[in-house]
2 protein chains.
Amino acid sequence: MVTMKDVAKAAGVSTATVSAVLAGTSYVSPALKARVEVAVAELGYAPNSMARSLKTGQSNLVGLIVPDITNPFFTAFVDRVQAEMARNSYAVLLGISDNDTAREAGLLGLMRSHLAAGTILCPAGEAERYAALEKNLGGMKLVLADNAAPHGASDTVIIDNRGAALLAARHLISNGHKRIAAMLGPRHRHNSAERWNGFRAAMEEAGLALPDAYVLHGAFREDEAHTEAATLLGRDPLPTAIFVANNLMLIGVMKAVAERRLRVPDDISIVSIDDFAWASAFQPALTVVRQPITAMADAAVMRVIARIQGDQSPPQSLVLPPELLVRGSTRSLHR
Amino acid sequence: MVTMKDVAKAAGVSTATVSAVLAGTSYVSPALKARVEVAVAELGYAPNSMARSLKTGQSNLVGLIVPDITNPFFTAFVDRVQAEMARNSYAVLLGISDNDTAREAGLLGLMRSHLAAGTILCPAGEAERYAALEKNLGGMKLVLADNAAPHGASDTVIIDNRGAALLAARHLISNGHKRIAAMLGPRHRHNSAERWNGFRAAMEEAGLALPDAYVLHGAFREDEAHTEAATLLGRDPLPTAIFVANNLMLIGVMKAVAERRLRVPDDISIVSIDDFAWASAFQPALTVVRQPITAMADAAVMRVIARIQGDQSPPQSLVLPPELLVRGSTRSLHR
DNA sequence: GGAACATGGTAACGATGAAGGACGTGGCGA
DNA sequence: TCGCCACGTCCTTCATCGTTACCATGTTCC
């Protein structure tokens, strides 16, 4: 590896001078500056960020941990976080917890080991776990996004999950639907629980029944949603609409719908949380509640950078509003 | 930050002993070992990977650069690479080039700066560029994946893009299609050019015409594909089938098809390269050529790790075979 | 008494930055 | 006018970050 020492020798100066030229921290005469620059170019020198971080005690690394990157929601989130971090000259160390809290803790340790200045974590587990994790960070700033309770020692950036479900359910109800089924996520996750709360609240305020057979719980995964929905769609009476709590489960539900040869929205209306590319290419285009992913990512990045730069204010909780996009997969039962 | 020195002081031993306990490099008596472990736990000590890397000259960081993570192909690739790297105790530094070769070069420098032992790069540009980049790596191992010419100084892992297009086109041709349009990617990218070659070869071997109006070029992006396809579908005579070169462009094509109220596959057959979750949930399920993403990721990881571990063999080129998945979006014109 | 074993001291790794040295210039008094 | 000192400019020397690996040292037991 070519080091600063090599450059210094080639240019006939000291390493301190090379450092000064590269960092621009102090005045170096044009002549020497040029010699150093030539030597850098000739030797193909690149600074060793590790050594620099070790010495300066700060790094331009930021961790990003998501449960499942194949979920388009997280894909978009990662994409945006990466872009914003790059814009602020931070590099992103990516971790995928695979919905496993143990792995998640390991990844957090990894981020810390690598001296990440901060980490954006999309938690896979229950909100309570994170109080403990937050203790063992060694100065690394933590921002919780997507699935988090708005309290605790860290900044959080989430959407109004209850509101998202309310939006979706009220849309169905206002269109005259009464037999509405729900394909929900894992109960222990805060975002998922809130969606359930929102859905239930909407049904209750409309005085609609919520039979057990219509309330399905999965793990935000396609396969389970598929089998659960297949059972649901075998029941009599059939629901006139299904509320699906995330886009991965929507795939499973749509497969089950297709297998039963049900037409959307004629036989059954579908509304889901999460917008994604294929939702508008699908036939019919799918009615969804859009999460403001870009805004979430931007906010998370902003918070973690603020913390890294020394912001000492009390933990902030940002709750972003979702938005209903009415497309073709829901229909009105009023004639 | 709590360092080894703090742990050593708390346990009443030297830093050398702490290091020995943690690394397990030499014998330490159970008593001391226990004291050290208690101190580590109490202080919440975590080793500083930077200092370790600096000292040992090796790191457990590996770079991964993709052009666009919102493309499900790369999403799946990143997912698998991350998982395999984690299994081999490497951490992944993620870079997204956004199809910009300048940014790509910058990211490569970033990986190098951070002492990444190796980097898996999915190039955004022409194959020729990379000969120059390979020179300036400072010992970092490079593996090229997805879009690369099978030669040069680095290992490459790609699929048989020509074969993939052949597979798709022959499928259409053998089903009696004669007026076949193609929605192709950027000409300067090797994988894209090969798909075009394969498509053209299949058409030529069948003696079919390839009118200019049926050959569309985009940038592997949805929006362009949408407008291009919209124009195409306004022509007379209409093609009976469209070959689409990647899944992002497929979204645009399907939107255009829907806008024209064409039925798939009755009015028009569609075959695309890349399988992805919604392809089988779509109505009708989409016929695609599947790229062996998992195998690609595994091979790329294997190659880069082998190089990191000192493999000096000449550059290897792995070309993986694609697979045709016939589903419902293509129909036979033979009665 | 010496081998074997257990532990500590210490010099790096590459970069940074404070402290200080070499050199040149200018001001001022004799 | 000349000499000396003070000062500013430009660069180098050196200690340091947290860790590891080698070698030295101390202890124990046969």
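These numbers come from a predicted model, not from an experiment. The sequence lines fix the lettering, A, B, ..., with proteins before strands; numbering per chain opens at 1.
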For the residue pair [X] and [Y], what are the closest heavy atoms and their distance?
X	Y	answer
B/Thr156	B/Ala148	CG2-CB, 3.9 Å
A/Val301	A/Ile120	N-CD1, 3.9 Å
A/Val92	B/Leu93	O-CD1, 3.4 Å

Basic-acidic side-chain contact under 4.0 Å: A/Asp311, A/Arg303: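 A salt bridge links A/Asp311 with A/Arg303.
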
Selection: residues 35-58 of chain B, any non-hydrogen atom under 4.0 Å of DNA chain C: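 Of all residues in residues 35-58 of chain B, the ones placing a heavy atom under 4.0 Å from DNA chain C are B/Leu54, B/Lys55.
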
Non-neighbouring partners of B/Arg221 that pass salt bridge (charged side-chain N to carboxylate O under 4.0 Å, His left out), sequence neighbours left out: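 Applying salt bridge (charged side-chain N to carboxylate O under 4.0 Å, His left out) to B/Arg221 gives B/Asp223.
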
Net bend of the helix from C/dG1-D/dC30 to C/dA30-D/dT1, end axes of five pairs each, nearest 10 degrees: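 Axis angle across the helix from C/dG1-D/dC30 to C/dA30-D/dT1, nearest 10°: 70°.
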
Sorted by first residue and then second, give each salt bridge (charged side-chain N to carboxylate O under 4.0 Å, His left out) pair with at least one member in [range]; sequence neighbours left out.
range	result
residues 11-33 of chain B	none
residues 95-106 of chain B	B/Asp98-B/Arg103
residues 75-90 of chain A	A/Arg80-A/Glu84, A/Arg80-A/Asp298, A/Glu84-A/Arg87
residues 106-121 of chain B	none

N/O to N/O distances under 3.5 Å, protein versus nucleotides 22-25 of chain C:
none

Any A/Phe74 side-chain heavy atom under 4.5 Å of A/Asp146 side chain: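 Touching, per the 4.5 Å side-chain cut-off.
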
Give each protein N/O atom lying under 3.5 Å from an N/O atom of nucleotides 5-8 of chain C, with the pair distance.
residue : atom : partner : partner atom : Å
C/dT7   : OP1  : B/Ser29 : OG           : 2.8
C/dT7   : OP2  : B/Ser29 : N            : 2.6
C/dT7   : OP2  : B/Ser29 : OG           : 3.1
C/dG8   : OP2  : B/Ser14 : N            : 3.2
C/dG8   : OP2  : B/Ser14 : OG           : 3.4
C/dG8   : OP2  : B/Thr17 : OG1          : 2.3

Sidechain-backbone polar pair: B/Asn147 side chain, B/Gly125 backbone, donor-acceptor under 3.5 Å: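 Pair found, side chain donor or acceptor close to backbone of B/Gly125.
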
Main-chain N/O of A/Leu94 paired to B/Gln82 side chain as donor or acceptor, under 3.5 Å: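 At least one qualifying donor-acceptor pair exists.
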
Which residue lies more 5' along DNA chain C, comparing B/Thr15 with A/Thr3 via nearest heavy atoms: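 Residue closer to the 5' terminus by nearest nucleotide: B/Thr15.
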
Nucleotide interval of DNA chain D bounded by contacts with chain A (heavy-atom cut-off, under 4.0 Å):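 For DNA chain D, the relevant span reads D/dC10 to D/dG18.
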
Pair A/Thr75, B/Thr70: side-chain N/O donor-acceptor within cut-off below 3.5 Å: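 Side chains of A/Thr75 and B/Thr70: no pair found under 3.5 Å.
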
Interatomic distance where CG belongs to A/Asp6 and P belongs to C/dC13 [whole Å]: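 Those two atoms, CG and P, are 11 Å apart.
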
Partner set under side chain to side chain contact (heavy atoms under 4.5 Å, CB included) for B/Ala20, not counting sequence neighbours: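 Listed in chain order: B/Thr25, B/Ser26, B/Val28.
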
Residue list, side chain to side chain contact (heavy atoms under 4.5 Å, CB included) with A/Asn60, at least two apart or on another chain: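 Expected list: A/Tyr90, B/Leu110, B/His114.
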
